[in-house]
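Below: one structure, written as structure tokens.
Just so you know, these numbers come straight off a predicted model, no measurement behind them.
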Amino acid sequence: MNAKHSEQIANAQVNAEPYWMPFTGNRAFKANAEPRTLVSAKGAYYQTADGQKLFDCLSGLWCTGLGHGHPKIVEALKRQAETLDYATAFQLSNPQTLRLAERIANLAPAGLDHVFFCNSGSESVDTALKIAIGYHRLRGEATRTRMIGRERGYHGVGMGGISVGGMVANRKMFAPLMLNGVDHLPHTYNLSEMAFSRGQPKWGAHLADELERLVALHDASTIAAVIVEPMAGSTGVLVPPEGYLQRLRDLCTKHGILLIFDEVICGLGRLGEWFGAQRFGVTPDMITFAKCITNGVVPMGGVIVRSDIYQTFMTGPAHAVEFMHGYTYSGHPLAAAVGNTVLDIIEEEGLLQRARELEPVLEEAVHDLKGEPGVLDVRNIGLSAAVDLAPIAGQPGLRAYKLFEAGLADGHLFRVTGDTVAMGPPFIATPDEIGGMVESLRRCIRAVSNL
């Protein structure tokens with residue numbers, strides 16, 4: 001053990017009890033914290049306080065596709081901190097933020113050419129919902145206040161996001177705080193029709209027609225926006241059926257409803273394109289983004305909007321604030337400097353192409369798990385995949401949690417949600433590392449099969 005690692009372990013030996021952890025079984029963590037305390041990271045691997053090296057099977061939380069500790073990002077952070085560490089975004093800006101907005105607009109689908117920055121995916125969703133309400137109001141359609149989300153959708157933890165989201169566990173405790181006037185489309189997953197799909201399922205485009213039912217129920221004049229994830233990552237890589245997103249686009253256009261794609265997970269390369277909208281050939285009215293824009297190094301998120309939506313707000317005296325919304329850290333110069341560097345790295349290292357090349361490698365590997373004990377389904381799109389496990393009777397989520405523990409012991413950090421294992425390896429991963437990840441998953445599946 002080298003001196004640096006010894007120091008990292010010593011620094012990790014602190015009292016965990018005061019920390020209230022997010023989306024975590026706090027008691028389980030604190031009963032055995034050392035194997036789950038990450039002390040360093042490099043490339044596609046973490047190092048834990050007990051000396052274990054872990055392959056990062058989900059790129060952090062879908063965000064570190066370029067790997068950890070990229071020297072160009074480290075240098076960009078250092079240089080920007082020495083030059084301009086903070087700048088208010090109210091009435092002022094800075095070169096890094098202006099440049100990043102221009103670059104993102106140029107990479108987005110045609111027509112989406114204005115960018116509003118915030119600090120996370122949750123904030124980007126709440127921002128997009130506000131933009132939708134304001135847009136209709138300014139156009140004289142103030143009755144358009146209803147939002148339509150989707151079952152099993154995840155749109156962060158802001159009050160707007162959990163209102164349009166469709167994950168029951170995230171919603172039930174906070175029901176008194178959620179927005180009024182929200183409805184939900186059905187989710188698109190059907191095991192009997194889609195089991196073991198490779199890429200987009202053939203069945204399910206008709207599920208978009210449920211929007212017509214909601215229009216008939218509420219009237220189009222009351223509906224502001226529909227928000228969906230092109231690929232729903234947080235509930236286990238739910239891939240859109242062929243034709244589904246285009247049908248939603250057509251119905252929203254028909255009824256004057258804005259269509260928002262939440263691309264916090266699938267934007268910036270995860271599907272082998274800059275945005276999922278481009279992968280699926282469907283252009284929404286707004287795109288939310290976060291995570292990969294800074295490779296997870298500095299918090300940042302944002303919303304990309306159509307020019308006419310932006311221009312609708314540009315009314316009144318030129319000196320007046322047109323959109324009463326923003327954050328202390330909107331367009332933070334450190335985040336923007338990293339964002340520009342991330343875009344440079346993706347282009348210079350050909351990482352979109354690499355993600356496309358690794359997609360069939362991941363697909364072949366994960367679908368070879370069909371037939372393993374308790375595997376109910378395997379599905380994939382881009383550089384992402386999921387495996388559903390049969391739950392233990394009366395104890396949902398326990399089998400996958402035990403698999404997570406087995407993965408740590410086997411040198412792989414798997415992400416589990418319910419009884420689903422999700423994978424989104426870094427774009428820099430090698431075919432051998434992806435193969436090793438799936439073989440580790442096979443061992444772990446067998447290890448928990450008798451629970």
**OP:** Give me the ring orientation class for His325 and Tyr327: parallel if the planes are under 30° apart, tilted from 30 to 60°, perpendicular past 60°.
**Re:**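 His325 vs Tyr327 ring planes: perpendicular.
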Does either side chain, that of [X] or that of [Y], offer a donor lying less than 3.5 Å from an acceptor on the other one?
{"X": "Asp388", "Y": "Thr420", "answer": "yes"}
{"X": "Thr24", "Y": "Asn26", "answer": "no"}
{"X": "Arg356", "Y": "Gln353", "answer": "yes"}
{"X": "Asp262", "Y": "Tyr154", "answer": "no"}
{"X": "Gln395", "Y": "Tyr401", "answer": "no"}
{"X": "Asn119", "Y": "His332", "answer": "no"}
{"X": "Arg270", "Y": "Ser59", "answer": "yes"}
{"X": "Glu349", "Y": "His70", "answer": "yes"}

Original post:
OH/Tyr46 to CG/Asp56 distance, rounded to the nearest 0.5 angstrom?
Top reply: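 Reported to 0.5 Å precision, the distance equals 4.5 Å.
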**OP:** With rounding to the nearest 0.5 Å, note down the distance linking CD1 in Ile287 to SG in Cys266.
**Re:**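 So the gap between those two atoms works out to 8.5 Å.
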Original post:
Within 45 degrees of the axis of the six-membered ring of Phe404 and under 6.0 Å from its centre: does Arg399 put its NZ or CZ there?
Top reply: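 Cation-pi check for Arg399 and Phe404: fails.
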Can you check whether [Y]'s main-chain N or O pairs, donor with acceptor, with [X]'s side chain at less than 3.5 Å?
{"X": "Glu263", "Y": "Ala277", "answer": "yes"}
{"X": "Asn295", "Y": "Leu66", "answer": "yes"}
{"X": "Arg354", "Y": "Ala429", "answer": "yes"}
{"X": "His255", "Y": "Asp250", "answer": "no"}
{"X": "Thr143", "Y": "Ser221", "answer": "yes"}
{"X": "Thr48", "Y": "Leu38", "answer": "no"}
{"X": "Asp410", "Y": "Ala406", "answer": "no"}
{"X": "Ser163", "Y": "Leu179", "answer": "yes"}
{"X": "Thr97", "Y": "Gly331", "answer": "yes"}
{"X": "Asp419", "Y": "Pro396", "answer": "no"}

Subject >> salt bridge (charged side-chain N to carboxylate O under 4.0 Å, His left out) between Glu210 and Arg213, worked out >> reply: CA-CA 5 Å; Glu210 283 295 305; Arg213 184 184 65 82; 2.7 Å; yes
So [Y] and [X], do their side chains get closer than 4.5 Å, heavy atoms only?
{"X": "Ile148", "Y": "Val182", "answer": "no"}
{"X": "His218", "Y": "Arg146", "answer": "yes"}
{"X": "Phe261", "Y": "Thr288", "answer": "no"}
{"X": "Val305", "Y": "Leu112", "answer": "no"}
{"X": "Ile223", "Y": "Val215", "answer": "yes"}
{"X": "Met147", "Y": "Asp183", "answer": "no"}
{"X": "Leu398", "Y": "Lys402", "answer": "yes"}
{"X": "Ile260", "Y": "Val228", "answer": "no"}

**OP:** Could you tell me whether Phe116 and Phe323 have their ring centroids closer than 6.0 angstrom?
**Re:**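 Yes, the ring centres sit under 6.0 Å apart.
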**OP:** Would you check if the distance from the ring center of Phe55 to the ring center of Tyr45 is below 6.0 Å?
**Re:**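 Centroid separation for Phe55 and Tyr45: below 6.0 Å.
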**OP:** Show the numbers, then the answer: is there a salt bridge (charged side-chain N to carboxylate O under 4.0 Å, His left out) between Arg306 and Asp113?
**Re:** CA-CA 6 Å; Arg306 287 192 340 237; Asp113 51 13; over 6 Å; no
**OP:** Before giving the answer on side-chain hydrogen bond (donor to acceptor under 3.5 Å, both in side chains), spell out for Tyr135 and Asp285 the whole-Å C-alpha distance, their side-chain angles and the decisive distance to 0.1 Å.
**Re:** CA-CA 12 Å; Tyr135 168 75; Asp285 302 298; over 6 Å; no
**OP:** Test side-chain contact (heavy atoms from CB on, under 4.5 Å) on Leu362 and Asn380 and set out the steps.
**Re:** CA-CA 8 Å; Leu362 178 61; Asn380 69 285; 5.5 Å; no
Do NZ/NE/NH1/NH2 and the carboxylate oxygens of [X] and [Y] come within less than 4.0 Å?
{"X": "Arg279", "Y": "Glu359", "value": "yes"}
{"X": "Asp308", "Y": "Arg139", "value": "no"}
{"X": "Arg442", "Y": "Glu439", "value": "yes"}
{"X": "Glu347", "Y": "Arg103", "value": "yes"}
{"X": "Arg36", "Y": "Glu405", "value": "yes"}
{"X": "Arg443", "Y": "Glu372", "value": "no"}
{"X": "Arg379", "Y": "Asp377", "value": "yes"}

What are the two closest non-hydrogen atoms of [X] and [Y], and how far apart are they?
{"X": "Gly267", "Y": "Cys292", "answer": "O-CB, 4.1 Å"}
{"X": "Pro426", "Y": "Ala44", "answer": "CG-CB, 4.0 Å"}
{"X": "Gly243", "Y": "Ala205", "answer": "C-CB, 3.9 Å"}
{"X": "Ser330", "Y": "Ala89", "answer": "O-CB, 3.2 Å"}
{"X": "Phe414", "Y": "Ser440", "answer": "CE1-OG, 3.9 Å"}
{"X": "Leu441", "Y": "Met423", "answer": "CD2-CE, 3.7 Å"}

Subject >> Check against salt bridge (charged side-chain N to carboxylate O under 4.0 Å, His left out), Glu242 and Arg247 >> reply: CA-CA 10 Å; Glu242 290 184 359; Arg247 181 63 176 152; over 6 Å; no
Subject >> ring pair (Phe, Tyr, Trp, His ring centres under 6.0 Å) against Tyr310, all qualifying residues, sequence neighbours excluded >> reply: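 Per chain and number, Tyr310 pairs via ring pair (Phe, Tyr, Trp, His ring centres under 6.0 Å) with His114.
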Original post:
How far apart are the C-alpha atoms of Thr145 and Thr222, what are their side-chain angles, what is the distance that settles it, and do they pass the side-chain contact (heavy atoms from CB on, under 4.5 Å) test?
Top reply: CA-CA 6 Å; Thr145 59; Thr222 70; 5.6 Å; no
**OP:** Evaluate the side-chain hydrogen bond (donor to acceptor under 3.5 Å, both in side chains) criterion for residues Asn106 and Glu102: first the C-alpha distance (whole Å), next the side-chain angles of each, then the deciding distance (0.1 Å), finally the verdict.
**Re:** CA-CA 6 Å; Asn106 288 338; Glu102 181 182 27; 4.5 Å; no
Subject >> Stepwise side-chain contact (heavy atoms from CB on, under 4.5 Å) test for Phe427 and Thr64 >> reply: CA-CA 9 Å; Phe427 309 150; Thr64 56; over 6 Å; no
**OP:** Determine, step by step, whether Ile445 and Leu403 satisfy the side-chain contact (heavy atoms from CB on, under 4.5 Å) criterion, reporting the C-alpha distance in whole Å, the side-chain angles of both residues, the deciding distance to 0.1 Å, and the verdict.
**Re:** CA-CA 7 Å; Ile445 288 171; Leu403 183 145; 3.8 Å; yes
